[in-house]
Amino acid sequence: MTAEIISGTQISKTILAEIKDEVEKMKAKHGKVPGLATILVGKNPASVSYVTLKVKTALSVGFNEIQDDQPEDIPEADLLALIDKYNKDPDIHGILVQLPLPGHIDEKKVINAISPDKDVDAFHPVNVGRLMICCDKARFLPCTPAGIQELIVRSGIQTCGAEVVVVGRSNIVGKPIAMMMAQKSICANATVTVVHTRTKNLAEHCKRADILIVAAGVPGLVKPEWIKPGATVIDVGVNRVGVNETTGKAILKGDVDFDAARKIAGKITPVPGGVGPMTIAMLMKNTLKSAQYVLGDL
Ligand code: NAP
């Protein structure tokens, strides 16, 4: 068996085209477009490249994008005041503060300062709570888990009654995707197991999965013999394992031994080109939704 590739690159392009369409309709109806403020503190190379991609994508779908670069040594109070300014700006529908922040700034305070109605990363405790209560009613879902769910649903994979095993229990991926897949909802209704570093018999749990979602940050952690034949494998891991000497670019590997897993799984996401592009597409979707709420279209 050779698993079918679930292409996040292709699916995210479709989603971005849908968003662009909605933005054009919004402009025609209200004379407004969604506004996204992206705050980058310092010049961490990974953060600079993530923000550059987010800004480029926001502009490509027709958003009003404000890239607000701040110095590494910005006082915490000044950053909080900046967030407050965007909270009050009616033309800004989404605020994104690129993490991680320098050590002198309390990330929790920053996340809590963003209005839950503009929190397009969905990290604010109010949005985390809404997800827990009911995903279908949550205004924003966290971008990586929402991207994973879209990949599954748009690939026609049956989730109702499926055994889902999530490797990893982080606040940004493992816990929210587990919660989302267990919800009483047509895109979920799965039976979910969460495994982590203290789990006994990790391989045995993984072998039961109809849908195996891996977000551990350990290159090649999941071996082919851990995969149930025909299962869907979603590899969230992005691990920099070296540098390509010709291009100077990082060599990326997932948490799953892709070449070997492809011979066992039914469907599988590649790294890169799987979950990564979906995360940015879902950030755009959240910003669009935020503007649609404000304009009374949702
Ligand atoms: P994290 O905060 O480091 O959490 C990793 C989780 O995996 C922890 O719960 C940890 O268990 C578990 N884990 C680690 N090693 C394990 C092992 N050997 N066996 C079982 N469980 C293990 O990481 P994260 O932020 O969730 O990110 C995970 C990966 O996804 C990273 O490679 C990251 O770069 C990638 N990522 C990709 C995207 C994207 O858009 N593509 C977005 C976010 C993250 P404990 O809790 O017991 O420590």
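Counting starts at 1 for both ligands and their atoms, following the listed order.
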Query raised in the report: What are the two closest heavy atoms between V164 and A190, and how far apart are they?
Result: CG2-CB, 3.5 Å
Query raised in the report: Which ligand 1 atoms, with their elements, are less than 4.0 angstrom from a heavy-atom of T279?
Result: 39 (C), 40 (O)
Query raised in the report: Does NZ belonging to K253 count more than 12 external heavy atoms closer than 6.0 Å?
Result: no
Query - Salt bridge flag under 4.0 Å for residues D297 and K29 - result: yes
Query raised in the report: Which part of I172 is near ligand 1, with near meaning a heavy atom under 4.0 Å away: side chain, backbone, both or neither?
Result: side chain
Query raised in the report: Which is closest to atom 17 (C) of ligand 1 by heavy-atom distance: D255, L252, L221, D235?
Result: L221
Query raised in the report: For atom 5 (C) of ligand 1, which candidate among C206, G174, A216, G217 holds the nearest heavy atom?
Result: A216
Query raised in the report: Looking at atom 37 (C) of ligand 1, what's its closest protein heavy atom, distance included?
Result: V236 O, 3.2 Å
Query raised in the report: When you check the gap from the basic side-chain N to the acidic O, do D89 and K85 get nearer than 4.0 Å?
Result: no
Query raised in the report: When you measure from the side chain of N127 to the backbone N and O of A122, does any donor-acceptor pair fall under 3.5 Å?
Result: no
Report task. Find the distance between OG1 (T159) and CD1 (I152) and round it off to the nearest 0.5 Å. Result -> 7.5 Å
Query raised in the report: Looking at D119 and R139, does any basic side-chain N land under 4.0 Å from a carboxylate oxygen?
Result: no
Query raised in the report: Can you list the ligand 1 atoms lying under 4.0 Å from a non-hydrogen atom of L202?
Result: 19 (N), 20 (C)
**Report entry** Protein non-hydrogen atom below 4.0 angstrom of atom 45 (P) of ligand 1 present
**Finding:** yes
Query raised in the report: For ligand 1, is A215 a contact, meaning one of its heavy atoms is under 4.0 Å away?
Result: yes
Report task. Indicate, with yes or no, if M179 and L212 share a hydrophobic cluster defined by side-chain heavy-atom contacts under 4.5 Å among Ile, Leu, Val, Met, Phe, Trp and Tyr. Result -> no
Query raised in the report: What about R169: any of its N or O atoms under 3.5 Å from an N or O on ligand 1?
Result: yes
**Report entry** Ligand-side contact atoms (ligand 1) for residue partner V173, heavy atom cut-off under 4.0 Å
**Finding:** 26 (O), 43 (C), 44 (C)
Report summary line: Filtering M278, H196, M282 for the heavy atom nearest atom 20 (C) of ligand 1 leaves H196
Report task. Of the side chain and backbone of T197, name the one, both, or neither that has a heavy atom under 4.0 Å from an atom of ligand 1. Result -> both
Query - K56, NZ: over 12 other non-hydrogen atoms inside 6.0 angstrom - result: no
Query raised in the report: Would you call E24 and K27 a salt bridge, using N to O less than 4.0 angstrom?
Result: no
Query raised in the report: Relative to ligand 1, is N239 under 4.0 angstrom through side chain, backbone, both or neither, heavy atoms considered?
Result: side chain
Query raised in the report: Which atoms of ligand 1 sit under 4.0 Å from any heavy atom of G276?
Result: 40 (O), 41 (N)
Report task. For ligand 1, find out whether one of its N or O atoms is nearer than 3.5 Å to an N or O atom of V238. Result -> yes
**Report entry** Test: K285 and E150 ion pair at under 4.0 Å
**Finding:** yes
**Report entry** Closest protein heavy atom (residue, atom, distance) for atom 1 (P) of ligand 1
**Finding:** S170 CB, 4.0 Å
Query raised in the report: With no hydrogens and no angle check, is any side-chain donor or acceptor of K118 less than 3.5 Å from a backbone partner on Y86?
Result: yes
**Report entry** Contact atoms of ligand 1, heavy-atom distance to V218 under 4.0 Å
**Finding:** 15 (N)
Query raised in the report: Short list, please: which atoms of ligand 1 are under 4.0 Å from a heavy atom of G168?
Result: 6 (C), 7 (O), 9 (O), 12 (C)
Query - Top protein contact for atom 42 (C) of ligand 1, by heavy-atom distance - result: T144 OG1, 3.3 Å
